[in-house]
Every structure is written in C-alpha cells, then in structure tokens.
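A quick write-up on the structure given underneath.
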Amino acid sequence: MLGALALPVLSATTASAAPAAVPAPLASSCYDLPPLPYEVHTAAVTIRSKATTKSTALGVLYKSHKFTVHKKSGNWLYITDKTTGVKGWVSGTYVYRDVRMCLS
C-alpha cells in the first residue's frame, strides 16, 4: 500500500514583491572586549626598579601570576603586581598576553 505524501503548497511571488526583511544577527566584535591579562610563562621573573637587569630587584612574579601593565619601553613592561601592589619593570621575554581570535 502506498501512502500519500503531503507537500506544502508554495505560492509564487511577483517581481514587484519586496523581499521580507530578515533581522540582522546581534554582532559583537571581540575587539570591543577588554584586553586579556598578562601572565608569567617561566618559573619566575624579577620585578626591577628600572628597565635593566642591573637595577635593584623589588620583587618576584611566579609562573601563571597575573599583573597589570601600565607602559612599555623596548622589551620591558612597567607593571603593578595585583597581589602585593609592587610597581616596577619586568622583561617582556618572560611574560605573555593571551590573545583572542576574532572570527567575522
């Protein structure tokens, strides 16, 4: 026994009919999001009083520690340790910042 298949009836549109408005998806650029934090990616990095390895050590940041960067000078970053409040310079060689991939 064969069953009947019900198909929807399609109506033909004329050339003068305007296309239906499709609502635009809500777009949010990932560039609008705040920057991701910096982290230490070596065992430890020294916080220094000046942007040089010969300056006074003020503290130490350990692996995965997060901190705030205020400015850069060459490969050095002027930072504030969020835990202790110590301000000073760290070498950019030993820290990194996560990045987002923005797909449009």
Side-chain angles (χ1 to χ4, degrees):
M1 174 173 179
L2 295 173
L5 181 61
L7 295 175
V9 177
L10 300 175
S11 62
T13 58
T14 61
S16 63
V22 177
L26 295 175
S28 174
S29 169
C30 70
Y31 296 108
D32 297 337
L33 299 174
L36 295 170
Y38 283 83
E39 287 187 26
V40 177
H41 72 89
T42 188
V45 63
T46 304
I47 303 172
R48 301 203 171 264
S49 60
K50 296 180 182 173
T52 175
T53 56
K54 296 181 183 194
S55 65
T56 305
L58 303 174
V60 177
L61 297 176
Y62 295 98
K63 188 170 182 80
S64 299
H65 193 91
K66 293 177 176 58
F67 51 91
T68 303
V69 174
H70 301 288
K71 63 183 174 179
K72 296 180 182 182
S73 177
N75 193 38
W76 289 84
L77 307 171
Y78 186 73
I79 63 106
T80 299
D81 179 355
K82 291 182 179 182
T83 305
T84 64
V86 172
K87 293 183 179 188
W89 294 90
V90 296
S91 172
T93 304
Y94 306 107
V95 300
Y96 69 94
R97 175 185 240 168
D98 282 334
V99 294
R100 292 183 178 97
M101 286 183 60
C102 300
L103 303 175
S104 300

Requested in this report: Mark yes when over 12 heavy atoms from residues, nucleotides or ligands other than Lys72 sit less than 6.0 Å from its NZ; otherwise mark no.
Outcome: no
Report task. Find out if a path of hydrophobic residues (ILVMFWY) with successive side-chain heavy-atom gaps under 4.5 Å connects Phe67 to Tyr94. Result -> yes
Report summary line: Heavy-atom nearest pair, Lys82 first then Thr68, reads CE-OG1, 3.2 Å
Query raised in the report: In terms of hydrophobic clustering (I, L, V, M, F, W, Y; side-chain heavy atoms under 4.5 Å; direct or indirect links), are Leu61 and Tyr38 co-clustered?
Result: yes
Query - Non-neighbouring partners of Thr46 that pass side chain to side chain contact (heavy atoms under 4.5 Å, CB included), sequence neighbours left out - result: Arg48, Ala57
Query - Approximate separation, where rounding is to 0.5 Å, of Thr56 OG1 and Lys50 NZ - result: 7.5 Å
Report task. State plainly whether one hydrophobic cluster holds both Ile79 and Val45, where clusters connect Ile, Leu, Val, Met, Phe, Trp and Tyr through side-chain heavy atoms under 4.5 angstrom apart. Result -> yes
Query - Listed partners of Trp89 passing ring pair (Phe, Tyr, Trp, His ring centres under 6.0 Å), at least two apart - result: Tyr78
Requested in this report: Indicate the atoms forming the closest heavy-atom contact of Ala44 with Tyr62, along with that distance.
Outcome: CB-CD2, 3.7 Å
**Report entry** Donor-acceptor under 3.5 Å (His41 side chain, Arg97 main chain)
**Finding:** no
Requested in this report: Determine whether Val95 and Val60 fall in the same hydrophobic cluster, where Ile, Leu, Val, Met, Phe, Trp and Tyr are linked whenever their side-chain heavy atoms lie under 4.5 Å apart.
Outcome: no
Report task. Examine Leu58 and Leu77 and state if one hydrophobic cluster contains both, with Ile, Leu, Val, Met, Phe, Trp and Tyr joined whenever side-chain heavy atoms are less than 4.5 Å apart. Result -> yes
